[in-house]
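These numbers come from the heavy atoms of this one structure, side chains and all, not from hydrogens, waters or symmetry mates. Remember, it's 1-based here, ligands and their atoms both numbered in the order they're listed.
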Amino acid sequence: MALPFTFDLDAWAEARERDRMDALASFRERFVIESPELIYLDGNSLGRLPRATMERLATVVGQEWGERLVRGWNEGWLELPQRLGHKLAALVGAEANEVWVADATSVNLFKLLTAFLQYQRRARPQRRRVLTDRFNFPSDLYIVQGVLGLLEGFHLDMPPEEAGADPAEQIMARLGEDVALVTLSHTLFKSGYTYDMAQVTAAVQAAGAVMVWDVSHSVGAVPLDLHGAAADGAVGCTYKYLNGGPGAPAFLYVRRDWQALLHNPISGWFGQQAMFDFDLTYTPAADVRRFASGTPPILALAAIEAGLDMLLEAGMARVRAKSVQQTEYLIRLWEEQLQPLGFTLNSPRQAARRGSHVALGHPAALGIDLALIHEKQVLPDFRAPDNLRLAVAPLYNRFTDIYLAVQRLREVMEEGSYRRYSSAGLKVT
Ligand SMILES: *Cc1c(COP(=O)(O)O)cnc(C)c1O
């Protein structure tokens, strides 16, 4: 590989030394890395493929489906959502019987919001306000809107736009005795801002409302303690830092004491107490399985497990420690080398308030993103209006990846090639 003209041998030696000292470095070899030249900084959109997943899928397809056929249901398939739920529970600080793996994050959010709001309507009918924020993932906002369209009488509320305001303070300032439920993304998909889950949950509950988190951008990158924080409900995604594959089934968490009080609005047979009795009347399972609906996608579920196992083996404390070191390193390089080129830091400076990606702002961020992808073998992503998102996935990203990505970013700026790109024809950025 030709050395780029911006190369500084001392800085390169520092990045190499950090990789050499990295206790998690060997996990990288357990992922499929087809082109070593490619610097992949989009693990918060789609995580890399674990090697063990390829083998597992070959077995599930070839042997379990191909040979065992319908017998597979009694040979592990029926238990798979629960088995994965137990592993996820260990990762998110939940009890084993508080997590279920199923459906898309959006669908799980629909189920939990509907169930909690129906409960609130019965128990606390004067509470009619549902609070969220404009930093939430758009699909979550669409789901909230859909649920409020079905359950008449509730209305949506968001803090107004206020430059420089702290999102948590804005939310806490709007709590009141008419609030039924608060739903937020724990780590915000654009800025990477991360709420203090325990603090916000406690404030919401002290105000008499229910707290539902979306941990999609945290799980696998930020340690979570859902039960410890006494979160009422949560949903999350498995194809980002969990490396579960495109469209991998998501998960939901419902705190144990809530489970018997809530009704799943998609009351299908997989949530039925004794599903193979084929009774004509729906009687939900007593536990978290009541939030299951239809037949689980076994192939897609099987693809999640290897990624979960690796994170459990690495341990979230070590994953987080490396993630913080890497985002701090990236921010230092931004300050030294990119700020002078017009990039702003659109992520929190304080590590405790930041997830595992750093958003850099630039008016030409989309063109820069495309130039990096098409000319420089760097794969970050773009989120409107001006965010270039650079995510570090501690299990496979190296410090040298970060150093090289910043150097290639400087080249793009110095060459001016980003001016040639526009958004024409683009679907996923
Ligand atoms: C990625 C992501 C989702 C994904 O939702 P799906 O319904 O699984 O496509 C939802 N919420 C947040 C906050 C996300 O980051």
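Residues W258 and V210 form a side-chain contact, since some pair of their non-hydrogen atoms from C-beta on lies under 4.5 Å apart. Within the 4.5 Å cutoff, the side chain of S185 has no heavy atoms near those of the H217 side chain. Between V406 and W334, the closest side-chain pair of non-hydrogen atoms is not below 4.5 Å.
At a 4.0 Å cut-off, at least one heavy atom of S185 sits close enough to ligand 1 to count as contact.
The ligand atoms of ligand 1 that sit less than 4.0 angstrom from a heavy atom of D214 are 10 (C), 11 (N), 12 (C), 13 (C). The contact set between ligand 1 and Y239, taken as ligand atoms under 4.0 Å from a residue heavy atom, comprises 1 (C), 4 (C), 5 (O), 6 (P), 8 (O), 9 (O). Near S216, meaning under 4.0 Å from any of its heavy atoms, are these atoms of ligand 1: 2 (C), 3 (C), 10 (C), 11 (N), 12 (C), 13 (C), 14 (C), 15 (O).
Under a cutoff of 6.0 Å and an axis angle of 45°, R48 and F31 do not form a cation-pi pair.
The proximity of D140 to ligand 1, defined as any non-hydrogen pair under 4.0 Å, is limited to the side chain. With a 4.0 Å cut-off on non-hydrogen atoms, F137 touches ligand 1 through its side chain and not its backbone. Residue T105 touches ligand 1 through backbone and side chain together, judged by heavy-atom distances below 4.0 Å.
Side-chain polar atoms of E98 and H227 form a donor-acceptor pair below 3.5 angstrom. Donor-acceptor pairing under 3.5 Å is lacking for the side chains of N97 and D287.
Among all non-hydrogen protein atoms, the one lying nearest atom 7 (O) of ligand 1 is S106 OG, 2.5 Å. Looking from atom 1 (C) of ligand 1 to the surrounding protein, the closest heavy atom is K240 NZ, 1.3 Å.
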Problem set entry | Candidate pair D22 and R398, rule salt bridge (Lys or Arg N to Asp or Glu O under 4.0 Å), full reasoning | CA-CA 9 Å; D22 171 15; R398 300 168 296 195; over 6 Å; no
